[in-house]
Protein chains: 2
Amino acid sequence: MISDTIRLLNDNGLRKTDCRLDVLDFLLSQEHAVTHGQLEAEFPDFDRVTLYRTLSTFEDKGIIHDVKDGSGATKYAVCKHGSCSEHGHDDEHVHFKCIKCEQVSCVDNVHIPHIPLPEGFRAKSKNLLVEGLCNNC
Amino acid sequence: MISDTIRLLNDNGLRKTDCRLDVLDFLLSQEHAVTHGQLEAEFPDFDRVTLYRTLSTFEDKGIIHDVKDGSGATKYAVCKHGSCSEHGHDDEHVHFKCIKCEQVSCVDNVHIPHIPLPEGFRAKSKNLLVEGLCNNC
DNA sequence: AAGCAATATGCAACAGTATTGCAATTTAGA
DNA sequence: TCTAAATTGCAATACTGTTGCATATTGCTT
Ligand SMILES: [Mn+2]
Ligand SMILES: [Mn+2]
Ligand SMILES: [Zn+2]
Ligand SMILES: [Zn+2]
């Protein structure tokens, strides 16, 4: 819904530009995390740098978060729980990457368990990528 | 010890070239995972492509494994438990990255716990990166 | 509705990581 | 020592991402 898109931009004090509206609308419609390259293919009329900056802006505001799946290209997905903002992200959920279809999804309801560390080490954040076969493959 | 280096190359049917001997000897001496760039700085006389291929060869043989720490540059560390080979890696241990000194270390004795996944998803491997402060920072 | 200042965009240039093809060199074994 | 196979160095290229700057657009004020 385009009104969700507009509301998100308003709530975050972001100007409603063509690029932001189209990109955010697209991101909200995706089941899986997307790369900058996919956005480039989807929106060939926006400059690639503008797309990078749009992603960066959304991430700064806590609208989307990035997922590093080891493919070389950073992927992005909308933050779900409303617990992310310009003051920081709270995305300590699991990410799943299918080894067949290569899609990356947020496993939002699975929290990363506590990890015991050796003496002297203090954890500040955790990032868990599970790879395997998804429910479609 | 250089003899460890030679034995590793022999055991894996690899020719003992200058580059492999020097690089593997260096990798065995490191406490932390190293990047290709560090090897380039350490061994300016070897071509950068040769260094890439050397790392790739070692990884294929299960001598080293890679660590993606989100920095953009892949890091490499020697496989510890002898459970890795050309038939596959068994490196489901935690990796720790210090947010201050940026060093990445293998937390070999901490196993990644079982992660429950939604219906239909099947895990094949897990990759956990913990970030925080190390015992020196 | 027009004007304005702040913001966002497009373009060009550049940096960093990594891969490929191919000719020349080196290795290991006969 | 000779040879075939493996390895190396070099040049070229791909891909991801960032920066500076001139131009265009946005949201607000008048
Ligand atoms: Mn996520
Ligand atoms: Mn490791
Ligand atoms: Zn799949
Ligand atoms: Zn540290």
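Every chain is numbered from 1, with letters handed out A, B, ... down the list of sequences.
Minimum interatomic distance between B:K126 and B:P113 (heavy atoms only, all atoms of both residues): NZ-O, 3.2 Å. Taking both residues in full, the closest heavy atoms of B:K16 and B:N10 are given as NZ-OD1, 2.6 Å, listed atom of the first, atom of the second, then distance.
Between A:Y52 and A:H36, the ring planes are parallel. Angles under 30° get that label, and only those over 60° would be called perpendicular. Aromatic ring pairs are classed by plane angle as parallel below 30°, tilted from 30° to 60° and perpendicular above 60°; the pair A:H93 and A:H95 is perpendicular.
Rounding to whole angstrom units, NZ of residue A:K16 and C1' of D:dG27 are separated by 9 Å. Rounded to whole Å, atom C1' of D:dG27 lies 14 Å from atom CG of A:L21. For the pair A:K68 NZ and D:dT16 P, the interatomic distance rounds to 15 Å; values are reported in whole Å. Atom CG in B:N12 sits about 12 Å away from atom P in D:dT7, given to the nearest Å. In this structure, A:E40 atom CD and C:dC11 atom P are separated by 13 Å, rounded to whole Å. Whole-Å rounding puts the B:D66 CG to C:dT19 C1' distance at 16 Å. Remark: C1' of D:dT8 and CG of B:D18 are 11 Å apart, rounded to the nearest angstrom. One interatomic measurement links the two molecules: CD of A:Q38 to P of D:dC15, which rounds to 15 Å at whole-angstrom precision.
Near-neighbour residues of DNA chain D inside residues 42-58 of chain A, defined by a heavy atom below 4.0 Å, number-ordered: A:R48, A:V49, A:Y52, A:R53.
The side chain of B:T17 places an N or O atom within less than 4.0 Å of a non-bridging phosphate oxygen (OP1 or OP2) of D:dT8.
Using a 4.0 Å cut-off between charged side-chain N and carboxylate O, A:E131 and B:K124 make no salt bridge. Remark: B:K68 engages B:D66 in a salt bridge, criterion side-chain N to carboxylate O under 4.0 Å.
To the nearest 0.5 Å, atom CG of residue A:D108 and atom NZ of residue A:K80 are 4.0 Å apart.
Between B:S71 and B:R15, it is B:S71 whose nearest contact on DNA chain C lies nearer the 5' terminus.
The residue A:T35 sits apart from the nucleic acid: no heavy atom pair falls under 4.0 Å.
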